[in-house]
Amino acid sequence: MIVRFGYVAMSVQLENASPSRTMTMSNFSKLPDREAGLRRLEQLARENLRNTLRLLKHNRYMDVRVYRFSSKLIPLATHPSLSDWDPYAALAEDFAEVGAFVREHGMRVSFHPDHFTVLSTPRQDVFEKSVNDLRHHVKMFELMGLDERAANNIHVGGTYGDKEAAGRRFVEQFQRLEDRIARRMTLENDDKTFTASETLVICERVGVPMVLDLHHHAVNNPSGDQAERLWPRILRTWERRYGTALPPKIHVSSPKSESDPRGHADYVEAGPLIRFLRDVASDTPALDVMIEAKRKDESLFRLLDELRAMEAEGAPLSVTGGASIEVPSSV
DNA sequence: ACCTGTCAAGTCTGG
DNA sequence: CCAGACTTGACAGGT
């Protein structure tokens with residue numbers, strides 16, 4: 001199997017390359033000239049997109065093919081008091097340039113709208129804001145000219161004291177989404193609420209691929225479900241949407257500490273990942289792994305170094321180009 | 001150059 | 001019912 005690694009949003013190696021520069025609404029409100037303020041927001045967005053392109057070039061140089069964009073590329077993009085503002089036209093060229101680079105180098109990209117996007121919510125206003133936010137992320141993919149393999153990953157959401165009802169509400173509200181949103185979505189198991197098996201059932205119901213987060217599964221799995229048992233069904237959620245055009249994706253991170261087991265550590269441990277590849281996914285031909293660690297891309301490179309050392313010790317794997325490894329199949 | 005507080009968002013807990 | 005915690009990178013203001 002081929003396993004490609006990626007990281008999230010920013011680099012700790014590339015200096016002054018934030019893709020998430022912003023302005024708060026309270027500061028925007030203080031500006032004397034609203035129009036000038038909007039131009040300033042667009043300027044910040046342009047800077048974020050330019051830095052995103054720099055990050056992609058860094059990824060290209062380091063042979064990294066998997067990357068998650070910052071969700072904050074356009075500051076205040078979905079803020080209710082700026083609903084009359086259309087930032088997209090002014091930024092179309094910058095988005096197109098980013099998208100062209102992604103296509104040219106065959107990269108896999110995604111967004112992760114933050115956890116305020118909740119489709120399980122019982123509140124109509126929250127649901128509408130969530131749809132707006134998803135539409136915003138889809139719009140950015142469209143401006144980049146990327147096909148449906150570029151997708152938005154979210155969580156099922158809150159449980160509101162009744163997980164069954166919240167799950168049903170998610171499904172019902174998901175079915176009200178426009179196709180262009182629904183067809184670019186993946187769902188991830190949560191570290192507090194919806195477990196891997198609960199998320200999987202919902203994925204199957206609405207026809208959405210499931211991103212398995214190994215760390216979340218380790219800290220939120222009260223019924224002790226084995227990943228081995230869930231994996232074949234998870235694979236089918238990917239095949240159903242993408243056929244063989246896109247490998248399944250998992251998330252990997254390590255607990256910050258014993259007192260904060262859900263927090264993300266600076267780096268990732270190779271052990272749990274290796275065990276997953278060996279015991280669960282060994283027959284899966286291709287897999288993408290998103291590394292979620294405080295030290296971002298550095299943790300990815302450190303993991304690759306560790307894997308290279310394991311290879312040198314005779315472990316059955318080889319580190320190849322494309323920030324990836326090849327693991328012989330068990331069959 | 002560094003430190004502390006603030007900002008966004010929605011959910012959940014404690015009082 | 002309301003205040004605060006949670007999370008995260010970045011900004012603002014003070015030293």
Side-chain angles (χ1 to χ4, degrees), chain A residues 7-31 37 40-41 43-52 54-55 67-83 85 87 111-137 152-163 165-167 169-170 173 188 190-194 198 213 215-216 219-220 251 253-257 259-266 290-299:
Chain A
Y7 68 97
V8 177
M10 56 181 283
S11 165
V12 299
Q13 298 193 339
L14 206 59
E15 309 256 308
N16 301 313
S18 169
S20 312
R21 292 205 58 196
T22 190
M23 187 191 301
T24 62
M25 180 44 72
S26 71
N27 284 315
F28 180 86
S29 314
K30 288 177 203 155
L31 299 175
R40 173 66 188 146
L41 292 177
Q43 194 47 47
L44 282 169
R46 207 166 280 125
E47 199 175 323
N48 289 337
L49 286 164
R50 209 168 45 229
N51 280 335
T52 296
R54 286 177 61 208
L55 287 158
Y67 175 69
R68 182 198 299 166
F69 292 121
S70 163
S71 272
K72 301 183 182 71
L73 293 175
I74 307 179
L76 303 175
T78 56
H79 199 283
S81 54
L82 298 182
S83 56
W85 172 46
F111 280 118
H112 196 341
D114 57 34
H115 61 283
F116 313 116
T117 294
V118 254
L119 298 183
S120 68
T121 185
R123 290 170 50 187
Q124 183 65 21
D125 58 328
V126 173
F127 175 68
E128 278 165 20
K129 275 190 242 175
S130 298
V131 174
N132 263 340
D133 194 51
L134 287 167
R135 197 177 284 130
H136 164 60
H137 285 87
N152 295 312
N153 182 57
I154 61 171
H155 296 262
V156 178
T159 57
Y160 317 89
D162 186 344
K163 201 186 265 188
R169 196 163 46 237
F170 179 98
Q173 301 197 129
E188 172 188 352
D190 196 87
D191 60 347
K192 282 191 184 141
T193 58
F194 287 86
E198 290 159 351
D213 187 308
H215 182 189
H216 293 169
V219 298
N220 182 21
H251 288 179
S253 51
S254 295
K256 189 187 179 84
S257 63
S259 60
D260 181 12
R262 288 197 308 268
H264 285 176
D266 288 357
M290 186 62 81
I291 304 292
E292 298 182 324
K294 289 250 183 282
R295 295 298 295 174
K296 307 291 179 187
D297 55 336
E298 187 185 63
S299 64

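Numbered from 1 within each chain, the chains take letters A, B, ... in sequence-line order. Heavy atoms only: backbone and side chains are in, while hydrogens, waters and symmetry mates are out.
- Note: CG (A/D260) to P (C/dA5) measures 16 Å, nearest angstrom.
- Residue contacts shown for A/T121 are limited to sugar-phosphate atoms, with no base heavy atom under 4.0 Å away.
- Between A/H112 and A/H155, the two ring planes are parallel [angle under 30°; tilted spans 30° to 60°].
- With hydrogens and angles ignored, the 3.5 Å screen pairs a side-chain donor or acceptor of A/Q173 with a backbone N or O of A/T121.
- A donor-acceptor pair under 3.5 Å links the side-chain atoms of A/N220 to the main chain of A/D190, judged by distance alone.
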Chi angles and distances behind the side chain to side chain contact (heavy atoms under 4.5 Å, CB included) call for A/H215, A/H264:
CA-CA 9 Å; A/H215 182 189; A/H264 285 176; 3.9 Å; yes
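- Side-chain proximity of A/K294 to the nucleotides C/dT8, B/dT11, B/dC12 is greatest for C/dT8.
- The nearest whole Å value for the distance from the NE2 atom in A/H115 to the C1' atom in C/dG9 is 14 Å.
- The phosphate of B/dC12 has neither OP1 nor OP2 within less than 4.0 Å of any side-chain N or O from A/Y160.
- Counting non-hydrogen atoms under 4.0 angstrom, A/K296 reaches the backbone sugars and phosphates but no base.
- A/H251 pairs by the ring pair (Phe, Tyr, Trp, His ring centres under 6.0 Å) definition with nothing, not counting sequence neighbours.
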Starting at the 5' end of nucleotides 10-15 of chain C, put B wherever the base has a protein heavy atom under 4.0 Å, S where only the sugar-phosphate does, and a dash everywhere else.
SSS---
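- Donor-acceptor pairing under 3.5 Å is lacking for the side chains of A/T159 and A/T193.
- Judged by distance alone, the side chain of A/S120 and the main-chain N or O of A/G158 form a donor-acceptor pair under 3.5 Å.
- Rounded to a whole Å, the CD atom of A/E128 is 12 Å from the P atom of B/dG10.
- Side-chain N/O atoms of A/R262 include none lying less than 4.0 angstrom from OP1 or OP2 on C/dT7.
- Counting to the nearest Å, the C1' atom of B/dT11 and the CG atom of A/D190 are 11 Å from each other.
- A heavy-atom distance below 4.0 Å to DNA chain B is reached by none of the residues of residues 130-137 of chain A.
- What you find for A/V8 and A/Y67 is that their closest heavy atoms are C-CE1, 4.5 Å.
- Remark: A/R169 is positioned above the aromatic ring of A/Y160, its terminal NZ or CZ atom under 6.0 angstrom from the ring centre and at most 45 degrees off the axis.
- With rounding to whole Å, A/D191 atom CG is found 12 Å from B/dC12 atom P.
- Judged purely by distance below 3.5 Å, without hydrogens or angles, the side chains of A/S20 and A/S18 never pair a donor atom with an acceptor atom.
- Put simply, NE2 on A/H155 is 16 Å from P on B/dG10, counting in whole angstrom units.
- For A/T159, the side-chain atoms get nearest to B/dC12 when compared with the rest of B/dC12, B/dG10, B/dA8.
- For A/H264 and C/dC6, the NE2 to P distance is 16 Å, given to the nearest whole Å.
- Protein atom CG of A/N220 is 13 Å distant from nucleotide atom P of B/dC12, rounded to whole Å.
- The side chain of A/K129 sits closest to B/dG10 out of B/dC7, B/dG10, B/dT11.
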